[in-house]
Number of protein chains: 2
Amino acid sequence: MGQQKTAAEGGTRESERRRTILRAAIDVFARKGYHGCRIADVAREAGVAYGLVYHYFKNKDELLETVFETGWTGFVTRVRSVADGEGTLVEKVRGIADVAFEAYRVDPRAVKVLILEIARSPAGARINRQTAFVDVIRLSSEMFTRAKDAGELRPDVDPLLASALLFGSIEMGLTAFVVGLADARDTQMLEQAKAQIADSFLHGVLADAPGAEVPAWKREKSGTKSKAPKRT
Amino acid sequence: MGQQKTAAEGGTRESERRRTILRAAIDVFARKGYHGCRIADVAREAGVAYGLVYHYFKNKDELLETVFETGWTGFVTRVRSVADGEGTLVEKVRGIADVAFEAYRVDPRAVKVLILEIARSPAGARINRQTAFVDVIRLSSEMFTRAKDAGELRPDVDPLLASALLFGSIEMGLTAFVVGLADARDTQMLEQAKAQIADSFLHGVLADAPGAEVPAWKREKSGTKSKAPKRT
DNA sequence: CGGCCGGTTGATTCAAGAATCAGCCGGGGA
DNA sequence: TCCCCGGCTGATTCTTGAATCAACCGGCCG
């Protein structure tokens, strides 16, 4: 490839080739799983010689590690900016769900790899993967702590656990798509899932108790059936 | 190994070995992960000859498969009996959280393997693992559908998604312990987590809107079945 | 008593696939 | 023009660990 990006531009030292390989790795990992594929598969997918993979990555594990860092840091950054930014807890929770689902919309394969191969990487997984994962939980945990102090959160809710539950919901919601339980082609459905995850997390799934004031969460979208809950 | 387990007693001496191996497999998988361990590790852990593992199990994969079936079917059975049994949605949700956390209390290692190695087994995962996993979601999804018809569930909530979210919450809650984010030694904490998961899922995490009636979920311990909608 | 038989052993075999390495190629500087 | 250099190639080597297998117990039955 003639492309002489070279160091001249200083910026992204990352050669085109390297990125191609990374991209191929994501696709292959998503399709056959980390353990279920060989380096040769990645090379073929990238249209590159076997050895070149090793030119850019020390070994197979570093390849996965890089896929992880690439995708994860972006996610963390966005989540952080939401969690640490201005806004009510409700907005922030919605914002975080937004970030996650947007990531999925943009690159479902990458999200699949993150969820399937890394979030639950087997115990052996050295390095920081697990750590990084935990970091986000902590990050959002702090958000909840602040919200709690502000009285936005029920006082008997543990922030750390709340944080875990939020991401658990998001992850499993996404997993439903990843696994094919729900049809990801339907953008509509993505939107709805995102909304419901935030809603359920914030307000619960129960029909409103009789006599309780009906909150306005239904108004967010088509407020059509807004009066429904009222049971006897 | 000298230890002749009094063969005279007849009974299940044969399956005794098998069970020993299975137990060892769970422990080793939990410690080093399926891919991170060799059969030799399992054999050593079980105090058994390498070859014997292959006498009882066709191959490494069948070993994992068996661990899975053993643990999972028990779980599914319990969940089913709760989901299909009598009771309000609130009780059932609590019941399901109960089942999961009890399983963890009884055998944390096994739960760890189920969560880490199987629930999210990489794409390649043959057989029904993924299917079985999806089945529970469906099972509980039906429970939610019924609850929805009975007016217990908010009408704008999708049952399938609700189901995914419930298990997502439970799983991530458990993961917090598995990963060491929370201290599992503290039985107290297990109880609290369990309660909060159900509470959050049912009622949300938000502080009550001003003026709304305050339900009694704060005292999760003492028969909270309070005033949930009566079915039938 | 002897031979059969199922459970048991662990060294040996074998395949997969990770990692290496001896070069090739093409551009650019001398 | 020729040589150097670094990205690039892919056959070869090496490691790992799964799976096999021939032999070994020790009870039990004939």
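Reckoned from all heavy atoms, side chains included, excluding hydrogens, waters and symmetry mates. Labels below follow one simple rule: chain letters A, B, ... track the order of the sequence lines, proteins then strands, and each chain is numbered from 1.
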*Is it possible for you to check whether A:K92 lies under 6.0 Å from the centre of the six-membered ring of A:F144, through NZ or CZ, and within 45° of that ring's axis?*
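That pair does not qualify as a cation-pi contact.
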- Query: Just wondering, more than 12 heavy atoms not from B:R78 lying within 6.0 Å of its CZ?
  - Reply: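 For B:R78, atom CZ is not crowded (no more than 12 foreign heavy atoms under 6.0 Å).
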Check the distance between [N]'s [atom2] and [X]'s [atom1] and give it to me in whole angstrom.
X	N	atom1	atom2	answer
A:H35	D:dT16	NE2	P	17 Å
A:F57	C:dA18	CZ	C1'	16 Å
B:Y54	C:dG6	OH	P	23 Å
B:E16	C:dG7	CD	P	14 Å
A:R44	D:dT9	CZ	C1'	16 Å
B:R38	C:dC14	CZ	C1'	18 Å

[options]: which one has an atom nearest the side-chain heavy atoms of [X]?
X	options	result
A:R17	D:dT9, C:dT9, D:dA18	D:dT9
A:N59	C:dA18, C:dA19, D:dG7	C:dA19
B:Y56	D:dT20, D:dG7, C:dT8	C:dT8
A:I39	C:dA18, C:dT9, D:dA19	C:dA18
B:L52	C:dA18, D:dT9, C:dT9	C:dT9
B:H55	D:dT9, C:dT8, C:dG17	C:dT8
A:Y50	C:dG10, C:dA18, C:dT8	C:dA18
B:K60	D:dA19, C:dA19, C:dG10	D:dA19

Item checked: A:F133 and A:W72 aromatic ring geometry - parallel, tilted or perpendicular at 30°/60° bounds ->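 Aromatic pair A:W72/A:F133 classed tilted.
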Inset, instruction - For the pair B:K194 and B:L190, evaluate side chain to side chain contact (heavy atoms under 4.5 Å, CB included) and give the outcome as yes or no after the intermediate values. - result: CA-CA 6 Å; B:K194 182 178 74 182; B:L190 255 319; over 6 Å; no
Only residue of A:K112, A:R109, A:K32 satisfying salt bridge (Lys or Arg N to Asp or Glu O under 4.0 Å) with A:D27 is A:R109
